[in-house]
Amino acid sequence: MKVTEHIAQAKGTTKFSFEILPPLKGQNINSIFENIDPLMEFNPPFIDVTYHREEYVYQELKNGLLQKKVVRKRPGTVGICAAIQNRYHVDAIPHILCGGFSKEDTENFLIDLGFLGIDNVMALRGDAVKSETYFTPEKEGHTYASKLVEQISALNNGVYLDEELQNKTPTDFCIGVAGYPEKHMEAPSLDSDIHFLKKKIEKGATYIVTQMFFDNTKFFQFVEKCRAAGITVPIIPGLKPIATKKQLNLIPHRFSLELPDALIMAIVKCKDNTQVRQVGIDWCIAQSKELVAAGVPFVHYYSMGKSDNIKAIASQIF
Ligand SMILES: Cc1cc2nc3c(=O)[nH]c(=O)nc-3n(C[C@H](O)[C@H](O)[C@H](O)COP(=O)(O)OP(=O)(O)OC[C@H]3O[C@@H](n4cnc5c(N)ncnc54)[C@H](O)[C@@H]3O)c2cc1C
């Protein structure tokens, strides 16, 4: 079922959903099931599966020279989606990127997803590869997520890249896109970021999932600004509980967002990460309660491959 249909069916109640990462190469599907199993009691209508593009690593050779190698550390997005749909009978939502994909790769990827009975895709640009400062599209690929949305929408209308193709069957994907309550790190302003977010909706995206945030005011203001800009689609808040002291510096840097002082101080006072984890859970429960009271359609949790803290939060909310 489409995310928009799940929202309509919920009739104004708030549902639980979450995102998982494919495991590091070498692990099997059981590591995924072990994390999903404990969360199924909260009846998620869908589970997102992230996509991780290739990275460049440099290996030192015996002669001291460096050899550049291309590796994908977390492959398996499509296989995991199929496994989730088979085992749990809930919608699995693969993330699909501009980065690393030509238009032809994208079309073939979408064809696979259609054959697997996937109804939703999360369309993203992806970040720059780690060794580069700026995002570089693949040759014959898309520069921005809005162009990727455009291609998916075209396929939904039966428009394939090869105009000569016979017997063209339209796909029927519901398309989600990313929104940033504290603006995307490259955007010169929040207003400009919302301007381009609107483009993704105009091209055919029908719901938004936000980047994590730790201050609900930022989310509520973002929704207000989106509505004022004419964006009417559902906006699903994404939350992540902090679990380690290191994340105090890592998260603001990695995701270009601010942590509220009260949360920072509570974490600074912790003696170890067991205490930090509890502070993160309590903070996320408080955020979730306020979001549910505000009537959001879903609270979407970034599990990062760990379900125990998400379970502790969900058991207080759903
Ligand atoms: C919910 C969610 C899920 C994610 N899942 C993944 C994942 O699975 N894998 C992964 O690698 N990354 C993932 N990301 C990270 C995401 O790929 C990065 O944040 C990326 O840098 C931007 O992606 P986007 O789709 O928001 O890009 P875009 O919407 O293309 O925006 C990128 C930047 O370009 C600007 N912009 C857009 N259009 C234009 C234009 N026409 N002209 C000028 N500027 C423009 C925007 O304002 C923004 O600053 C996720 C992020 C979120 C919020």
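First listed ligand is number 1; within each ligand, the first listed atom is number 1. These values consider heavy atoms only, across backbone and side chains, with no hydrogens, waters or symmetry-generated copies. Start at 1 with the first residue, then count along the sequence.
Neither the backbone nor the side chain of K199 has any atom closer than 4.0 Å to an atom of ligand 1 (non-hydrogen atoms only).
Taking only nitrogen or oxygen atoms, main chain and side chain alike, A145 reaches within less than 3.5 Å of ligand 1. Between Y180 and ligand 1, at least one pair of N/O atoms sits closer than 3.5 Å. Between H184 and ligand 1, an N or O atom pair is found at a separation short of 3.5 Å. Distances between N or O atoms of E19 and those of ligand 1 include no value under 3.5 Å. Looking at ligand 1, you'll find an N or O of D127 within less than 3.5 Å of one of its N or O atoms. The distance criterion of under 3.5 Å between nitrogen or oxygen atoms is met by K200 with respect to ligand 1. By the 3.5 Å distance cut-off applied to N or O atoms, R125 is counted among the residues near ligand 1.
Using 4.0 Å as the threshold, G238 has no heavy atom nearer than that to any atom of ligand 1. The closest approach between a heavy atom of H52 and any atom of ligand 1 is not below 4.0 Å.
Interface of Y302 with ligand 1, defined as ligand atoms under 4.0 Å from a residue heavy atom, comprises 1 (C). Residue contact check: A178 has heavy atoms under 4.0 Å from atoms 26 (O), 52 (C), 53 (C) of ligand 1.
Nearest residue to atom 12 (N) of ligand 1 from D193, L197, L97 is L97 (criterion: closest heavy atom). Closest heavy-atom approach to atom 36 (N) of ligand 1 within the set Y51, Y144, F255, F135: this belongs to Y144. Between R53, M185, H95, it is H95 that holds the heavy atom closest to atom 3 (C) of ligand 1.
The cationic group of K68 lies under 6.0 Å from the six-membered ring centre of Y56 and within 45° of the ring axis, placing it in a cation-pi geometry.
A donor atom on one side chain and an acceptor atom on the other are not found under 3.5 Å apart for E34 and N30.
For atom 31 (O) of ligand 1, the nearest protein heavy atom is 4.0 Å or more away.
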